[in-house]
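All values reported here derive from a predicted model rather than from experimental measurement.
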Amino acid sequence: MTLFPDVVGDMLSESILGRGQERGFIRIECHQIRDFTANKQRQVDDYPYGGGRGCVMLAQPLYDCKKSICDEAGRDIYTIYMSPCGSVFKQSDARRLQKEHDRLIIVCGRYEGVDERFIEECVDEELSIGDFVLTGGEIPAMAVADAICRLVPGVLPDEECFTDESHWNGLLEYPQYTRPETWQNKKVPEVLLSGHHENISKWRMKQSLDRTKTRRPDMLEK
């Protein structure tokens, strides 16, 4: 649910997610909130009670937009609101949401946020992508949608494509290299050229541990 469906839809229809949609493994639909406004001006926001800068998104268009989606589906759909006040989204959340829900609604806020009554009435979970504020929820929503959709079976060639990456097992991913063997006088580590799978696996685990210890000691503590 967004005020900029074309931007979001175009981005999520490219590359891996685009092929996933073409093959029927996932479906991403963008709904224009303005289509559910009650006046000719297609107004979606108004000044906040109590004063303050900016405007707040109206509850009614948001409610009617969600209701339309759920009515078409024939049931209520788990709804996420992207908000700086939400809990920080992690890989474990992507795994949880992909496993527990076959459909999701992601609400993109704008301006100074949305009327709290819509959140209380319609939102099941608030998520953030970090301790900072953006001009709207579209970029966070695309990030969350991407992280979840790539876990759907069939979107990536096999599970190893994501189980071998950063954050899956609580560690950062080891360094990766490709051709040529030497570039700018920097060589690919010999162990990766050895063909000895056990030694390569041990090297990669050590690199993951060292990298996590250096860059994200908070993850290693957990």
Side-chain angles (χ1 to χ4, degrees), residues 1-36 44 57 61-111 113-114 118-119 122-159 161-168 173:
M1 292 169 49
T2 173
L3 297 177
F4 303 96
D6 292 339
V7 174
V8 176
D10 288 347
M11 184 64 189
L12 294 178
S13 295
E14 295 292 333
S15 187
I16 292 171
L17 296 191
R19 291 193 293 273
Q21 292 195 72
E22 290 173 1
R23 295 167 183 168
F25 295 117
I26 56 174
R27 189 174 80 229
I28 302 171
E29 298 180 354
C30 297
H31 301 264
Q32 172 58 268
I33 298 167
R34 289 191 188 277
D35 291 343
F36 299 88
V44 294
M57 292 186 72
L62 290 163
Y63 176 84
D64 288 342
C65 184
K66 175 182 173 172
K67 185 176 184 300
S68 173
I69 298 169
C70 293
D71 286 349
E72 184 177 348
R75 60 182 173 87
D76 193 33
I77 300 174
Y78 195 82
T79 300
I80 297 167
Y81 170 51
M82 302 309 305
S83 163
C85 298
S87 59
V88 177
F89 181 73
K90 298 180 176 64
Q91 183 67 31
S92 58
D93 294 311
R95 295 168 67 177
R96 168 178 58 84
L97 291 167
Q98 187 276 318
K99 183 178 181 180
E100 295 180 358
H101 304 283
D102 64 333
R103 292 192 182 192
L104 292 167
I105 292 174
I106 305 180
V107 181
C108 304
R110 276 273 157 175
Y111 317 123
V114 309
F118 170 76
I119 298 174
C122 297
V123 171
D124 298 296
E125 184 171 358
E126 290 187 60
L127 290 175
S128 165
I129 60 168
D131 296 334
F132 52 89
V133 179
L134 300 173
T135 54
E138 281 74 22
I139 291 174
M142 287 189 285
V144 169
D146 190 304
I148 295 171
C149 286
R150 69 194 299 275
L151 301 181
V152 174
V155 174
L156 294 177
D158 55 66
E159 285 192 0
C161 292
F162 50 79
T163 59
D164 210 26
E165 293 179 328
S166 293
H167 303 289
W168 184 264
E173 188 178 6

* Where I26 and C149 come nearest, the two heavy atoms and their spacing -> CD1-CB, 3.9 Å
* Run the salt-bridge test on R96 and D93 with the 4.0 Å N-O cut-off and return the result as yes or no. => yes
* Should the heavy atoms of other residues, nucleotides or ligands under 6.0 Å from CG of D71 be counted, would the total exceed 12? -> yes
* **Minimum heavy-atom distance between P140 and M82, given as atom pair plus value** => CB-CE, 3.6 Å
* Find the distance between CD1 (I69) and CG (D64) and round it off to the nearest 0.5 Å. => 11.0 Å
* Minimum-distance pair of heavy atoms, taken over all atoms of G137 and C108 -> O-SG, 3.7 Å
* Step by step, work out the side chain to side chain contact (heavy atoms under 4.5 Å, CB included) result for T135 and R110. => CA-CA 7 Å; T135 54; R110 276 273 157 175; 3.9 Å; yes
* Can you check side chain to side chain contact (heavy atoms under 4.5 Å, CB included) on D146 and R150, steps first, answer last? -> CA-CA 6 Å; D146 190 304; R150 69 194 299 275; 3.7 Å; yes
* Structure fact -> Distance col, row C70:SG vs I105:CD1, nearest 0.5 angstrom, shows 4.0 Å
* Passes side chain to side chain contact (heavy atoms under 4.5 Å, CB included), F89 versus L97? Steps please. -> CA-CA 11 Å; F89 181 73; L97 291 167; 4.3 Å; yes
* Taking all atoms of both residues into account, what is the closest heavy-atom pair of M1 and I33, and its distance? -> C-CD1, 3.7 Å
* Heavy-atom count around L134 CG within 6.0 Å, excluding the residue itself: above 12? -> yes
* **Pairs touching residues 98-107 that satisfy salt bridge (charged side-chain N to carboxylate O under 4.0 Å, His left out), sequence neighbours left out** => R75-D102
* Structure fact -> Residue pairs passing the ring pair (Phe, Tyr, Trp, His ring centres under 6.0 Å) test with at least one member in residues 62-83, sequence neighbours excluded, are Y78-H101
* Structure fact -> For Q98 and P153, the nearest pair of non-hydrogen atoms, with its separation, is NE2-CD, 3.8 Å
* Asked: What distance separates Q32 CD from T2 OG1, expressed to the nearest 0.5 Å?
  -> 7.0 Å
* To do: Heavy atoms only: give me the nearest T79-C122 pair and the separation to one decimal.
  => CB-O, 3.4 Å
Atom pairs and distances, donor-acceptor, side-chain atoms in residues 5-25, under 3.5 Å, two or more places apart:
| unit_1 | atom_1 | unit_2 | atom_2 | d |
| --- | --- | --- | --- | --- |
| S13 | OG | G9 | O | 2.7 |
| Q21 | OE1 | I28 | N | 3.1 |
| Q21 | NE2 | L12 | O | 3.0 |

* Option among D76, V107, I77 that satisfies the side chain to side chain contact (heavy atoms under 4.5 Å, CB included) test with K66 -> D76
* Do S87 and L127 come within less than 4.5 Å of each other through their side chains, counting heavy atoms only? -> yes
